[in-house]
There are 2 protein chains.
Amino acid sequence: MTPDVLTTWQAYQRMRVLLNGQINRELSRETGLSEADFDILFFMEQSPETSVRSVALRCGLAWEKSRLSHQLRRMEQRGLIEKAPGAVIHLTEKGRAQIAAARDCHEAAVRRYFGDVLTPEQLATLTAISDRVVANLAPGAHH
Amino acid sequence: MTPDVLTTWQAYQRMRVLLNGQINRELSRETGLSEADFDILFFMEQSPETSVRSVALRCGLAWEKSRLSHQLRRMEQRGLIEKAPGAVIHLTEKGRAQIAAARDCHEAAVRRYFGDVLTPEQLATLTAISDRVVANLAPGAHH
DNA sequence: GTCAACTAGTTGATACATCAACCCTGGCCT
DNA sequence: AGGCCAGGGTTGATGTATCAACTAGTTGAC
């Protein structure tokens, strides 16, 4: 029983599309935040400083610079963040409130559709798989 | 050593973003096809018939109807497919040629960044994980 | 000093995804 | 018959992702 690579790929693709679609849909409906919004706000909330340099966001999230620039402009227009001189980004009170509310919703969805249906062994293996693939990719993670 | 769900989730997210980014970038650069183009053309090429009803595409790919409609319009403008009355889609000669060329490129990238770096056990586990998650999600896979 | 190369960031164009609001058409009910 | 409702398909608006081209500050060689 050799696991065909393409079979696994197709199964993985299906999970990727459906799982993230479901979680993003719930997040958007219940909090008004997109996945992109959530990633940015979550990163900033975790950060020990009250402000973050945009290059830290780029490295931490592995985003392209233009993507980040567009996203930050839209988020500033909505009042979730503020841009200060020197490529420094501040989390506004509104942004802090929204991420606090969204975190629980997001975590619950992740558990419901992902964590709760897998065994500890499966979770451990998936972590190993992800790290392996990313490590193999990372040397060429240029943009 | 309990594998924390959120740790696994973050590792998985990182793989998801970087891996699909890399493969899609290569596919686009070398063949001019997006992931969406590829999915449509691949499905149609696999189909035993020379034409496909659009509802079959919707179910097979688990796409929303408006997404499919927009995508088919763009692909028809580029001459990859043709729409016939009765919601029937034909693969043009140009489309057939492009998917034939792209398949090898795509498969090579999947092996290079995914299949070749994982063990058979890991591949088997990932298939099981994907099927489990999708099965748990599928009852509510409405749009 | 100055020129070249590099890096961070921005912008505009284009493609893609999602939502809501439509139009049809084919049952199905009474 | 008339009405009505569910489903497939389209469209427009909006948000998001990517690429290429551009600006501006830094560094380093000469």
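First the proteins, then the strands, lettered A, B, ... as listed; each starts at 1.
Evaluation of atom-type donor-acceptor distances gives no pair under 3.5 Å for the side chain of A:His70 against the base of D:dG15.
In summary, of the residues considered (B:Ile89, B:Thr92, B:Ile40), a side-chain contact (heavy atoms from CB on, under 4.5 Å) with B:Met75 occurs for B:Ile40 alone.
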Test side-chain hydrogen bond (donor to acceptor under 3.5 Å, both in side chains) applied to A:His70 and A:Arg73, step by step = CA-CA 5 Å; A:His70 285 305; A:Arg73 176 178 42 73; 2.8 Å; yes
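Distance CZ (B:Arg74) to C1' (D:dA17): 13 Å, rounded to an integer number of Å. Here D:dT14 presents its P atom at 14 Å from CZ of A:Arg78, a figure rounded to the nearest Å. Rounded to an integer number of Å, the gap from CG of A:Leu61 to P of D:dT18 is 13 Å. Distance B:Asn20 CG to D:dA17 C1': 14 Å, rounded to the nearest Å. Taking atom CD of residue B:Gln71 and atom C1' of nucleotide D:dT10, one finds them 15 Å apart after rounding to whole Å. Between B:Arg16 atom CZ and D:dA17 atom P there is a gap of 10 Å when expressed in whole angstrom units.
Side-chain nitrogen and oxygen atoms of B:Lys65 include none within less than 4.0 Å of the OP1 or OP2 phosphate oxygen of D:dT11. Not one side-chain nitrogen or oxygen of A:Arg67 sits closer than 4.0 Å to the OP1 or OP2 atom of D:dT16. Listed pair B:Ser66 / D:dT10 fails the phosphate criterion, with no side-chain N or O lying under 4.0 Å from OP1 or OP2.
Annotation for A:Glu82: atom CD does not count as buried by contact number, only 12 or fewer foreign heavy atoms lying within 6.0 Å.
For B:Ser28 and B:Arg73, each mapped to the nucleotide of DNA chain D holding its nearest heavy atom, the one lying further toward the 5' end belongs to B:Arg73.
Under 3.5 Å, the side chains of B:Arg74 and B:Gln71 contain a donor-acceptor pair of N or O atoms.
Residues A:Val55 and A:Phe43 do not share a hydrophobic cluster, defined by chaining ILVMFWY side chains whose heavy atoms lie under 4.5 Å apart.
The nucleotide range of DNA chain C contacted by chain A, defined by atoms under 4.0 angstrom from heavy atoms of the protein and reported 5' to 3', is C:dA8 to C:dC19.
In this structure A:Arg112 satisfies the side chain to side chain donor-acceptor pair (under 3.5 Å) test together with A:Glu26, sequence neighbours excluded.
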